[in-house]
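Chain A is the first sequence line, chain B the second, and so forth, proteins listed ahead of strands; every chain is numbered from 1.
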There are 2 protein chains.
Amino acid sequence: MSETIEQPLYGTVLLKAKQLIDVIAKSSEPLTLKQISDQVPISKPTVLKILRTLIYCGFIRENAARKTYDLGTIFLEYGQRVAASFDIKASTRPFLEQLRDETNETVNLGIVEDHRIVLLDKLESPRSVKLVSRIGGTMNMYSSAMGKAILASYEPQDLQTYLAHTSLKALTPNTITDPEQLQLNLKTIQKKGYAIDNIENQPDIFCVGFDLIKHHHVYGAFSISAPEYRVNEQVFKGFIKYGLQTRQAILASLS
Amino acid sequence: MSETIEQPLYGTVLLKAKQLIDVIAKSSEPLTLKQISDQVPISKPTVLKILRTLIYCGFIRENAARKTYDLGTIFLEYGQRVAASFDIKASTRPFLEQLRDETNETVNLGIVEDHRIVLLDKLESPRSVKLVSRIGGTMNMYSSAMGKAILASYEPQDLQTYLAHTSLKALTPNTITDPEQLQLNLKTIQKKGYAIDNIENQPDIFCVGFDLIKHHHVYGAFSISAPEYRVNEQVFKGFIKYGLQTRQAILASLS
DNA sequence: GAATAATATTTCTTATATGGAAATATTATA
DNA sequence: TATAATATTTCCATATAAGAAATATTATTC
C-alpha cells in the first residue's frame, strides 16, 4: 500500500525529448518542425535543438530534403534486442505456430509488465482479418483474455491491490467494469483453466486466453483471437482443446 | 563536398541518456547501477537520476527486486512502427517469401540510410544456419551484396563522394579494400544485374544481391544469403535466376 | 549474528546548460 | 516579384545539472 509521492523528475530535456518522440511516433506521416512544435508546449527553437540531438543519437530520422522528421531505425534494432531478451518468445514459438495451424486463427503471446499485458509475439493466420494489435502494444489485464487468465492466478491480496489501483473502464459494451463481477469471472477462469474475452477488449474480437504459470512464476500468457462472426460452438471447443494442449506442452517444456 | 563543422550539440542529459541506453542495449544481461556507471564517464548519482527518468519514459525497464536495468518495451512498440513506416517491407513480403521457398535459403531486405544498408526484413529458411544479422542492424555498402547492388547504380560523382568519405576496412580476407577494384566490381554488377558478396561481409556467408531501383528512386535491395559450403554452381545459378525474376516482379508491382 | 564491505541513494552547492523572445534567413505561395 | 510561412540563429537571465560527500541499504564474511 505504498503511496507514490510525486517526485520531481530529473532531466527536463529528456522529458521534452520523449514528448517529441511520442508525437512523431503517433503520427503515421513524417512531420515538419512546425507540426511537431504545435503539438507540444515547447518553443520552436528548443524543439529544433532537441530534434538535432535526437537525430544525432539515432532516435529520429531526418528527411533533409523535405525537412520532415520520422522515427529512427534504432527503434527497430533495439526492439529486436528487447524481443530477444524475452526467451519465452523463442521457447514458445513452435508450439504457438502449431496452435495457429490447428485453429487457423491468430495466436498471441503476452507478458506482464507493470500490471499490463505487453504483446510480445503474434502469429497471424493467412486468413486473419487485420486486428488492432501490434507487437509491443499493451492492453489491460481486466479486459483481455491473456490478462484475465493471469489475474485469475493472483493471490486475493494482490488482486485487491490491482483492483484498488485500476479503474475498470469500458472498451466495448461487453467490458466487465464491475469489480465484483470480474472476481466472479476470475473464479470461473480458475475452475475451467482458460479465460474468455467475449468482445470485451476490442470490437468484434473474441479471444480465449491461457496463462503460462509454473511454480508460481508468471512466464506470460497466450491467446487465440478471432473475429466474433467466425466463432461458433464447434470452433470454440477446438480453441479450448488445442489451447489447453498447447499450454500443457509449453509448461512441460519450460525448465 | 560540404565539410561538416563540429557543432556543439544541445542536450547534455540527452547525450548521457543515450550512452546509458547503449550500454544497456549492448549487454545481453540486465545491468546494475554500478555496472552501468562503470562503463560511462558519468557519476553514479547522475546515472541513477537519468535512469529514473528513462524508466519513467519507458526506455528502460527496472527490475526493482534485483535492482537491475534492461531495455524497455517501448523499443519493441516503436520498432514495429518504424518497420511499418517502410511500406517497401509490406509490398515485397510475398515476393520475398516465394523467393525464400524457391531457394530454400535466407532472403534479406535492406534499405539505404546514411550510406549504409539497414536490414529491414529477413525471411529465414527452415534449414538456415543462424546468421549474424539482425533486423535493424546495419552493414557497409561496399562489403555487402545489397550495398554493392545499389552502389553500382550511383552516378560517378556520388560514387566518388561515397569513396572519399568511406574507408574500406576488411571484414573478412575477401573484403574488397581497394577502391579501384571495387569500381571494377561495380561495373560488372551493372552489366550482370546482380551483386555477389563472396564471403566479403561476414565469415562463411555467400550472398547474391539485387537492387530495387525504379525511375531513379532507390527503394532498397534484397539478397539471398547462404553458408558458403551449401553453394555450388547449380545452386548459384538458381539464386541468379529466381533473384532476377523476383526483382522484376517487385519492380513491376511498385507504382 | 555481528562486523565489514559493497553498492545504492540523498543532500547540497556552484558552475553550467537551458529556454525562448526577438532577429534573421530561408523557403513556399500569391 | 512581393508576401507569407516556416526554419534557423543569437543571446542572456534563469532554471537545471553534476558530483563530492554524507547516509542508507544491501551483500558478504567471519
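Scanning residues 19-27 of chain A for heavy-atom distances under 4.0 Å to DNA chain D yields an empty list.
By the salt bridge (charged side-chain N to carboxylate O under 4.0 Å, His left out) test, A:Asp158 pairs with no residue at all, sequence neighbours left out. Residues meeting the salt bridge (charged side-chain N to carboxylate O under 4.0 Å, His left out) test with B:Glu113, sequence neighbours left out: A:Arg61.
The separation between B:Leu9 atom CG and C:dT18 atom C1' is 15 Å, rounded to whole Å. Atom CZ of A:Arg66 is separated from atom C1' of C:dA28 by 15 Å (rounded to the nearest Å). In this entry the distance linking CD1 of B:Ile42 with C1' of D:dG19 reads 12 Å, nearest Å. Residue A:Leu15 contributes atom CG, which lies 14 Å from atom C1' of C:dT18 at whole-angstrom precision. For the pair B:Lys49 NZ and D:dG19 P, the interatomic distance rounds to 9 Å; values are reported in whole Å.
A 4.5 Å side-chain heavy-atom check between B:Leu120 and B:Ile88 finds at least one atom pair inside the cut-off.
Sequence neighbours left out, not one pair with a member in residues 23-48 of chain B passes ring-ring contact (aromatic ring centres under 6.0 Å, His included). Pairs engaging residues 24-67 of chain B under the ring-ring contact (aromatic ring centres under 6.0 Å, His included) rule: A:Phe59-B:Phe59, B:Phe59-B:Phe75 [sequence neighbours left out].
In terms of phosphate contacts, B:Thr12 brings a side-chain nitrogen or oxygen within less than 4.0 Å of OP1 or OP2 of C:dT18. At the phosphate of D:dG19, OP1 or OP2 sits under 4.0 Å from a side-chain N or O atom of B:Thr46.
Note on ring orientation: taking the six-membered ring where Trp is involved, the planes of B:Tyr162 and B:Tyr154 are perpendicular (angle over 60°, cut-offs 30° and 60°).
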Can you give one letter per nucleotide of nucleotides 4-9 of chain C, going 5' to 3': B for a protein heavy atom under 4.0 Å from the base, S for sugar-phosphate only, - for none? ---SBS
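Within a 6.0 Å radius of NZ in B:Lys26, other residues, nucleotides and ligands contribute more than 12 heavy atoms.
No donor-acceptor contact under 3.5 angstrom links the side chains of B:Ser144 and B:Asp197, judged on distance only.
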